[in-house]
Amino acid sequence: MEWIFRPDAPIYTQLYEHLTLAIVSGTFPPGGRLPAVRELAVDAGVNPNTVQRALSELERDGLVYSQRTTGRYVTDDAERIEQERRKLAEGRARDFLAAMQKLGYDRVQTVVLLEKMRGERKEQ
Amino acid sequence: MSTILECRALRKRYGAKEALSGVDLTLESGRIVGLLGPNGSGKTTLIKLANGLLTPTAGEVLVDGRKPSKETKAVVSYLPERIALPQWMTAKQAMQFYEDFYMDFRRYAAEDMIQKLGLETDRPIKTMSKGTKEKLQLILTMSRGAKLYLLDEPIGGVDPATRDYILRTIIANYSEDATVLISTHLIADVEQVLDEVVFLREGAVMLHKSVDAIREEEGKSVDELFRETFAY
């Protein structure tokens, strides 16, 4: 996994986003065991306490659960993961629409453009 | 949460020059802390006082509740700014040296890291490249199960790949519940490894805060804040 951190936001929130993406995309599959805190910290090149904090938030949000002796696991609740995927997709879509608006495209023009590009993609 | 390092009105004067002019600082256990400041701000002096290599002009420094002594040295692992290992030694001899001197030396950890690095253990240190010497000295420092690690400029003057190796070695090896104090002016490189930062300016603490609190409240990285704070 590639770990890149922006300068303008806390590292734990970015770590939270990275880990959520890894869960939603199946890099960490449902019900699978997560690497240990120290291992994730070394891999991402970040502070172990920061990893701990991000994992606690994921736990609070029901994407991860911990088992006292064996470690942390990704939830096996497929619906919860789907819900998170949807949330991420909506966020990305909103960002995209905002960027298009800056370019002077209204919703209709944007949809027309997307439709046109779908055609292009098929040709490829 | 216990206090591992405490400075109270700590002063150090070299002749007419005041290197530290009243430092008050408390560090808790279990943190990685950046000691940041421009050249000459007192970083090395503070580390040497905590390690008992210098004595305060006034005020006091306490490690694990005690003044620097033989007892505190047993729980402090110190990485000097310059390579301090005798140059004629081989890596194997240096490991033996550490094992003889420090009760908390984890030989297996050092051997494992040296092997992964592909270092020839029978070569004298003087024949190694600068980067390799730095790595070896760091491996020995981090192989101790100390309560406090004092790392003076561990990433100064090495290439980015070595820097990365050094930072990951620190994260992977410091003992749990220990505190690591890293002095540096290369903030962008260490920022994401740190829990909190201490800004030193002209021998005094001007800021002591968590990295994520700075990013959250200021909307900028510690590196940016540092550049603004110390801009001419």
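Please read these numbers as outputs of a predicted model, since none were measured by experiment. Naming convention: chains lettered A, B, ... in sequence-line order (proteins, then strands); numbering from 1 in each chain.
Few gaps surround NZ on B:Lys220; more than 12 heavy atoms of other groups in view lie less than 6.0 Å from it. Around the CD atom of B:Glu202, the shell of radius 6.0 Å holds no more than 12 heavy atoms that belong to other residues, nucleotides or ligands. Around atom NZ of B:Lys135, more than 12 heavy atoms belonging to other residues, nucleotides or ligands sit under 6.0 Å away. Within 6.0 Å of CD in B:Glu176 there are 12 or fewer heavy atoms belonging to other residues, nucleotides or ligands.
Neither the backbone nor the side chain of B:Val222 comes within contact range of chain A, judged by heavy atoms closer than 4.5 Å. Looking at B:Glu218, neither its backbone nor its side chain comes within 4.5 Å of chain A, counting heavy atoms on both sides. Contact annotation for B:Glu224: only side-chain heavy atoms (C-beta onward) come within less than 4.5 Å of a heavy atom of chain A. If you measure heavy-atom distances from B:Asp189 to chain A, you find no contacts under 4.5 Å at all.
At a heavy-atom cut-off of under 4.5 Å, chain B is reached by A:Phe5, A:Arg6, A:Pro7, A:Asp8, A:Ala9, A:Pro10, A:Ile11, A:Tyr12, A:Gln14 from residues 4-15 of chain A, listed in order of number. Using a 4.5 Å cut-off between non-hydrogen atoms, no part of residues 62-97 of chain A approaches chain B. Residues of residues 29-45 of chain A placed with any heavy atom under 4.5 Å of a heavy atom in chain B are listed by number as A:Arg38, A:Ala41, A:Val42, A:Asp43, A:Ala44, A:Gly45.
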Exercise. For the pair B:Asp212 and A:Arg53, evaluate side-chain contact (heavy atoms from CB on, under 4.5 Å) and give the outcome as yes or no after the intermediate values.
Key: CA-CA 11 Å; B:Asp212 274 343; A:Arg53 188 170 175 191; 4.1 Å; yes
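For the side chain to side chain contact (heavy atoms under 4.5 Å, CB included) with A:Pro48, the lone residue among B:Val193, B:Asp195, B:Ile32 that qualifies is B:Ile32.
To the nearest 0.5 Å, atoms CG (A:Asn47) and CD (B:Glu196) are separated by 9.5 Å.
Residue pairs meeting the salt bridge (charged side-chain N to carboxylate O under 4.0 Å, His left out) criterion with at least one member in residues 141-151 of chain B, sequence neighbours excluded, are B:Asp64-B:Lys147, B:Asp104-B:Arg144.
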